[in-house]
Number of protein chains: 2
Amino acid sequence: MEKSKYTDEQIKLARYAKALSHPVRVQIMEILARQSCCYSGDMVDELPIARSTLSQHLTELRNAGLIQGEFNPPKIKYCINQEAWKEAAKLLTTFLAKKTTL
Amino acid sequence: MEKSKYTDEQIKLARYAKALSHPVRVQIMEILARQSCCYSGDMVDELPIARSTLSQHLTELRNAGLIQGEFNPPKIKYCINQEAWKEAAKLLTTFLAKKTTL
DNA sequence: AATTCATTTCGTAATTATACGAAACAGAAA
DNA sequence: TTTCTGTTTCGTATAATTACGAAATGAATT
């Protein structure tokens with residue numbers, strides 16, 4: 001068979017999976033899901049990483065589209081991006097529901 | 001609040017997500033799900049990577065527990081590990097079903 | 001204009017990921 | 001025992017990830 005590149009769905013799925021591929025990012029999403037939104041400074045108190053490291057992880061989640069930050073001087077309120085979260089859920093859940101014809 | 005390490009669930013979830021964080025590994029799992037099992041040599045014909053690179057990705061999926069290889073000289077037949085696949089589905093689906101109290 | 005506050009960016013370092021071709025390997029077949 | 005076949009390991013290179021503290025930023029307040 002001919003070699004092929006990846007489909008948009010495979011790329012999207014991998015991107016969302018990658019966003020969740022570190023325990024601290026899983027925890028961040030759990031915190032945000034629990035309380036809807038959260039300030040970065042409040043989050044860092046429950047996380048075993050430095051502030052600057054948290055900032056990097058938040059940037060990754062933002063780049064993946066899963067969260068968005070609302071500037072609320074001098075704080076930044078982070079929330080889950082519902083659209084993206086729903087899309088990630090749909091893509092991954094559908095994918096994981098695939099069963100082998102055993 | 002006190003700083004904490006990660007829960008077993010967060011670590012497991014992140015590990016499965018990481019296994020799926022590259023499009024070619026998503027595609028590999030789709031191939032295996034489609035036809036139950038597959039020889040590495042047959043897979044490489046549908047994938048845009050070299051044999052040695054495929055081998056590396058298969059090792060990653062094996063380390064994550066998602067697949068297992070059965071030696072069938074001189075070929076190796078790869079199959080999905082149903083137990084792990086089910087666990088990944090459960091963990092990720094539950095996680096992604098979390099909704100913010102918006 | 002200087003200070004404060006929450007956060008990010010910078011500089012840096014160590015580790016891991018991704019990719020390839022060449023070489024090694026293990027078992028079957030000749 | 002030599003050859004063949006499918007696969008992995010090795011050697012290597014480049015890029016991305018993860019981490020931290022120090023310094024910079026941006027907006028509000030003094």
Side-chain angles (χ1 to χ4, degrees), chain A residues 1 3-6 10-11 13-29 31-32 35 37-79, chain B residues 1 3-6 10-11 13-29 31-32 35 37-79:
Chain A
M1 189 188 279
K3 304 228 176 189
S4 60
K5 277 294 161 198
Y6 311 109
Q10 287 167 342
I11 291 168
L13 203 157
R15 182 144 38 85
Y16 285 132
K18 189 172 191 173
L20 300 175
S21 71
H22 190 295
V24 83
R25 291 199 290 269
V26 172
Q27 194 171 350
I28 289 169
M29 293 309 290
I31 292 172
L32 290 180
Q35 59 199 67
C37 290
C38 194
Y39 295 105
S40 154
D42 295 336
M43 263 187 271
V44 83
D45 295 332
E46 331 186 24
L47 300 173
I49 54 171
R51 280 162 199 284
S52 56
T53 307
L54 171 58
S55 196
Q56 282 181 165
H57 284 294
L58 290 173
T59 299
E60 288 224 21
L61 288 170
R62 200 153 18 94
N63 287 342
L66 286 178
I67 64 171
Q68 54 204 147
E70 185 189 313
F71 197 58
N72 206 342
K75 297 185 173 188
I76 298 178
K77 187 167 69 176
Y78 282 100
C79 308
Chain B
M1 189 189 279
K3 304 228 175 188
S4 60
K5 278 293 161 199
Y6 311 110
Q10 286 166 344
I11 291 169
L13 202 157
R15 182 145 38 86
Y16 285 131
K18 190 173 191 171
L20 300 174
S21 70
H22 191 294
V24 84
R25 291 198 291 268
V26 172
Q27 194 171 348
I28 290 169
M29 293 308 291
I31 291 172
L32 290 180
Q35 59 199 67
C37 289
C38 194
Y39 294 106
S40 154
D42 295 336
M43 264 188 269
V44 82
D45 294 333
E46 331 186 24
L47 300 172
I49 54 171
R51 280 162 199 283
S52 57
T53 307
L54 171 58
S55 196
Q56 282 181 163
H57 284 294
L58 290 172
T59 299
E60 287 224 21
L61 288 170
R62 200 152 19 94
N63 287 343
L66 285 178
I67 66 172
Q68 53 203 148
E70 184 188 314
F71 198 57
N72 206 341
K75 298 184 172 187
I76 298 178
K77 187 165 70 175
Y78 281 100
C79 308

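All values below come from the heavy atoms of this structure, side chains included, with hydrogens, waters and symmetry mates left out. Here is how names work: the chains are called A, B, and so on, in the same order as the sequence lines, proteins then strands, and each is numbered from 1. If you're wondering where the values come from, they're calculated on a predicted model, not measured in any experiment.
In this structure, the CG atom of Leu47(B) is 15 Å from the C1' atom of dT18(C), given to the nearest Å. Atom CG of Asn63(A) is separated from atom C1' of dT9(C) by 14 Å (rounded to the nearest Å). The CD atom of Glu60(B) sits 13 Å away from the P atom of dT17(D) (whole-angstrom rounding). One can place CZ of Phe71(A) at 9 Å from P of dG26(D), the figure rounded to the nearest angstrom. For the pair Ile67(A) CD1 and dT8(C) C1', the interatomic distance rounds to 14 Å; values are reported in whole Å. Protein atom CD1 of Ile28(B) is 13 Å distant from nucleotide atom C1' of dT18(C), rounded to whole Å. Summarising the geometry, the separation between CG on Leu58(A) and C1' on dA6(C) is reported as 13 Å, rounded to the nearest angstrom. Between the CZ atom of Arg15(B) and the C1' atom of dA17(C) there is a distance of 17 Å, given to the nearest Å.
Mapping Pro73(A) and Lys18(A) onto DNA chain D by nearest heavy atom places Lys18(A) at the nucleotide closer to the 5' end.
Residue-level contact check: Ser40(B) touches the backbone only, with heavy atoms under 4.0 Å from sugar-phosphate atoms and none from bases.
In this view, His22(B) satisfies the side-chain hydrogen bond (donor to acceptor under 3.5 Å, both in side chains) rule with no residue, not counting sequence neighbours.
We find the CD1-CD distance between Ile28(A) and Glu46(A) to be 10.5 Å, quoted to the nearest 0.5 Å. The line from CZ of Arg25(A) to NZ of Lys18(A) is 9.0 Å long, rounded to the nearest 0.5 Å. The structure places CE of Met43(A) at 8.0 Å from CD of Gln35(A), a figure rounded to the nearest 0.5 Å. Between atom NZ of residue Lys5(B) and atom CG of residue Leu47(A) there is a gap of 10.5 Å, rounded to the nearest 0.5 Å.
Contact annotation: His57(B) does not reach the phosphate of dA17(C) (side-chain N/O to OP1 or OP2, under 4.0 Å). Under 4.0 angstrom from either OP1 or OP2 of dC20(C) there lies at least one side-chain N or O belonging to Thr53(B). A sub-4.0 Å separation between OP1 or OP2 of dT8(C) and a side-chain N or O of Tyr78(A) is present. For the pair Arg51(A) and dA19(D), the criterion of a side-chain N or O lying under 4.0 Å from OP1 or OP2 is not met.
Closest contact between the side chain of Lys75(A) and the listed nucleotides dC20(D), dC20(C), dA6(C) involves dA6(C). Relative to the side chain of His22(B), the nucleotides dA19(C), dT8(C), dT7(C) differ in distance, and dA19(C) lies closest.
Disulfide status for Cys37(A) with Cys79(A): present, SG atoms under 2.5 Å apart.
Rounded to 10 degrees, the angle between the two end axes of the helix from dA1(C)-dT30(D) to dA30(C)-dT1(D) is 0°, with five pairs used at each end.
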Please set out all donor-acceptor pairs under 3.5 angstrom arising from side-chain atoms of residues 64-76 of chain A, sequence neighbours excluded.
none

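For dA17(C), the base has no donor-acceptor partner in the side chain of Gln56(B) [N/O atoms by modelled type, under 3.5 angstrom].
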